[in-house]
Amino acid sequence: MRFLSLSIGARALLIAGALLVAGATRADLPADAAINAAAPLQTMQPKVIVNSGRLEWVPYYRDLTAWPTLSHQDRRSTPRPRKVKLDAPVRGDPARGRDLAMRPDKGYCIACHQLPGEEWPGSVGLSLERYKSYGHADELVFQQIFDARAFNPHSVMPPYGTFGILTVEEIADLVAYLQSLE
Amino acid sequence: MRASIACLTLGLFAASAVWADPEATSAPYREYAPMENYRPHVSGDLSLSGTYAYWKDPKNLDWRMAGNPEENWKLNWKFMDPPFNPAIHGGHFALERGEALYKSLNARGRFARCLGADKGTLKGLRARYPMYHRTLKKVAGLEEVIEHCAAQEGRVLQNGSYDNSAVSLYVASQSNGMPIRIDVSKGEMHAAWERGRRLFHMRAGRFNLACASCHTHQIGLRLRGTVVTTPYGDAAHYPVYRTSYQLQSLHLRFIECNLDTRTQPLLPGSRAYTDLEVFLTALSNGYPVTVPSERD
């Protein structure tokens, strides 16, 4: 097994992360992907026009072209599981972490997990309401968010770090928030 | 003061040893949710979510459950199938439009034959879709065939468009109450079922989720305010009128599923979506066609 070990600062890691989920080019995408014809590359969504035989396509507000699709013709690989080793203590901001946990465009932890002070939580994941009482080390919590597949290849939790959904600083903020829940 | 992680050591599990043989390296690396065994019949749900017991008989739904937000998901939303409400919803308008379009398209009787209608009658046709289409030389869903056959009549009815779905709705209405019956035991249909089953478990997109991540392994649990339902019995009411959207074909629903789970969607009629349609329709085998339906 090839094992690449890097010892780098947070900023350098961001660049490394960006390289793993690089922006797609038109050639990367399968022919049956719903994308626009003109530049720049953009995810499109259908708009149904009443009493019309034509389907209109409009830009979708998120660009999703960089990740593998369900197409049989998609030749791009899924980013593989990554393990993180922390060399220094996590020092995040719990308030910012809470904000990230609620935002649909960021962590959106509340979609699956219970968190204090928020209605309509999900129940797919375990309750995080008193997370500190589990007594997990920061490094474990960081890894679980960065790429939960390191612990369980069948985990349904999105690999927030590996897939470039959150930066390492944002994950540190989430770790600080979770470890503040007593 | 911005929080910082001074230093991280990052290990990259390239796992190249696993993929060292040339054949494996030519295929892209993919991950799959644990594979479940499915029966190509709606009653297979009894060994998955068990909710089939509540919705198997459309005429005998427990309306107290429909009014209870903790329990309504167990009815698999069948309480929004006709005739759930005598008030007219958008699906009824689409059905009228579809009937008029169909009659003008089929003025010479060619359109019905192209769709695969026996002796020109539409009765039971929708219950046999998707099927292997001889002219297209592949397995195709009803909407893809409507697009093809309309083109033969010189008309543009793009797959997923309102008018295409309206014609599909009218064709389906002629099979209302008839159980879906597609045979996925052999040939091209079996191959499509197998590909669809595999796709249902294949993880994709920005969240690395498969359909099965939730709809097989998390049924009955909440994602924010909504409850995850079973994949069984869900293909019988398409095209459907969506209160929050418009008339929606099954492939347009797949696009919505993809977007909701942060996955780049495909075009209606794509091979992958048709395979998924075959898989999901087989999971509705034995359940009656019910249109026009509404869903939130």
Query raised in the report: CZ/B/Phe207 to CD1/A/Ile165 distance, rounded to the nearest 0.5 angstrom?
Result: 5.0 Å
Report task. Pick one of side chain, backbone, both or neither for B/Leu209, based on which atoms fall under 4.5 Å of a heavy atom in chain A. Result -> side chain
Report task. Please determine, among B/Leu199, B/Thr226, B/Leu157, the option with the most heavy-atom pairs under 4.5 Å with chain A. Result -> B/Leu199
Report summary line: When the 4.5 angstrom heavy-atom criterion is applied to B/Phe93 and chain A, the contacting part is neither
Report summary line: To the nearest 0.5 Å, atom CG of B/Asn258 lies from atom CD of A/Gln45 at 12.5 Å
Report summary line: In terms of heavy-atom pairs under 4.5 Å with chain A, the winner among B/Gly205, B/Ala94, B/Gly225, B/Ser270 is B/Gly205
**Report entry** Heavy-atom pair with the smallest gap, counting every atom of A/Leu55 and B/Asn159
**Finding:** CD2-O, 3.6 Å
Requested in this report: Specify which of A/Val50, A/Leu29, A/Thr65 makes the most heavy-atom pairs with chain B at under 4.5 Å.
Outcome: A/Val50
Report summary line: Scored by heavy-atom pairs under 4.5 Å with chain A, the best of B/Pro34, B/Ala33, B/Cys214 is B/Pro34
Query raised in the report: In Å, rounded to the nearest 0.5 Å, how long is the span from CG of B/Leu223 to CH2 of A/Trp120?
Result: 13.5 Å
**Report entry** Interface moiety of A/Ile49 toward chain B, non-hydrogen atoms closer than 4.5 Å
**Finding:** backbone
Query raised in the report: Are more than 12 heavy atoms from other residues, nucleotides or ligands located less than 6.0 Å from atom CZ of A/Arg62?
Result: yes
Report task. Pick one of side chain, backbone, both or neither for A/Ser52, based on which atoms fall under 4.5 Å of a heavy atom in chain B. Result -> backbone
Requested in this report: Would you name the heavy atoms of B/Ala204 and A/Leu70 that are closest together and state the gap between them?
Outcome: CB-CD2, 4.0 Å
Report task. With sequence neighbours excluded, tell me which residues meet ring-ring contact (aromatic ring centres under 6.0 Å, His included) with B/Tyr241. Result -> B/His89
Report task. Decide, yes or no, whether a salt bridge links A/Arg149 with B/Glu31 under the criterion of side-chain N to carboxylate O below 4.0 Å. Result -> yes
Query raised in the report: Are B/Arg30 and A/Asp74 close enough, and set up right, to give a side-chain contact (heavy atoms from CB on, under 4.5 Å), and what steps lead you there?
Result: CA-CA 11 Å; B/Arg30 289 278 181 271; A/Asp74 204 324; 3.8 Å; yes
Query raised in the report: Could B/Arg224 and A/Glu118 be called an ion pair, given the rule that one side-chain N must be under 4.0 Å from one carboxylate O?
Result: yes
Query raised in the report: Any idea which heavy atoms bring B/Arg203 and A/Val156 closest together, and the distance?
Result: NH2-CA, 4.0 Å
Query raised in the report: Atom OG of B/Ser213 and atom CE of A/Met157: how far apart are they, to the nearest 0.5 Å?
Result: 14.0 Å
Requested in this report: Under 4.5 Å heavy-atom distance to chain A, tell me which part of B/Leu252 shows up: side chain, backbone, both or neither.
Outcome: side chain
Report summary line: When the 4.5 angstrom heavy-atom criterion is applied to B/Asp275 and chain A, the contacting part is side chain
Query raised in the report: More than 12 non-hydrogen atoms from neighbouring residues, nucleotides or ligands closer than 6.0 Å to CZ on A/Arg54, yes or no?
Result: no
Report task. Please round to the nearest 0.5 Å and tell me the distance separating atom CZ of B/Arg206 and atom CH2 of A/Trp67. Result -> 4.0 Å
**Report entry** Side-chain touch B/Asn208/A/Pro158, heavy atoms, less than 4.5 angstrom
**Finding:** no
Query raised in the report: Is there a side-chain contact between B/Gln264 and A/Ile35 (heavy atoms, below 4.5 Å)?
Result: yes
**Report entry** Heavy-atom proximity to chain B below 4.5 Å, by part of A/Ala31
**Finding:** backbone
Query raised in the report: Do any N or O atoms from the side chain of A/Ser123 and from the backbone of B/Arg222 form a donor-acceptor pair under 3.5 angstrom?
Result: yes
Requested in this report: Compare every heavy atom of A/Arg76 with every heavy atom of B/Pro28, then report the nearest pair and how far apart it is.
Outcome: CB-O, 3.5 Å
Report task. Under 4.5 Å heavy-atom distance to chain A, tell me which part of B/Leu276 shows up: side chain, backbone, both or neither. Result -> side chain
Requested in this report: Pick one of side chain, backbone, both or neither for B/Ile255, based on which atoms fall under 4.5 Å of a heavy atom in chain A.
Outcome: side chain
Query raised in the report: Given a strict heavy-atom distance threshold of 4.5 Å, which part of A/Pro121 is in contact with chain B: side chain, backbone, both, or neither?
Result: backbone
Report task. Using a heavy-atom cutoff of under 4.5 Å, enumerate the residues of residues 161-168 of chain B that contact chain A, numbered in order, or state 'none'. Result -> B/Ser161, B/Tyr162, B/Asp163
Query raised in the report: Partners of A/Cys112 by disulfide (SG to SG under 2.5 Å), sequence neighbours excluded?
Result: none
**Report entry** Interchain contact, A/Asp147 with chain B, by part (heavy-atom threshold 4.5 Å)
**Finding:** neither
Requested in this report: May I ask you to decide if B/Tyr29's main-chain N or O and A/Ser77's side chain share a donor-acceptor pair within less than 3.5 Å?
Outcome: yes
Report summary line: Bottom line for B/Arg262: the part with an atom under 4.5 Å from chain A's heavy atoms is both
Query raised in the report: Looking at residues at least two apart in the chain, or sitting in another chain, which of them share a ring-ring contact (aromatic ring centres under 6.0 Å, His included) with A/His72?
Result: none
Query raised in the report: How long is the gap from CG on A/Asp32 to CZ on B/Arg271, to the nearest 0.5 Å?
Result: 10.5 Å
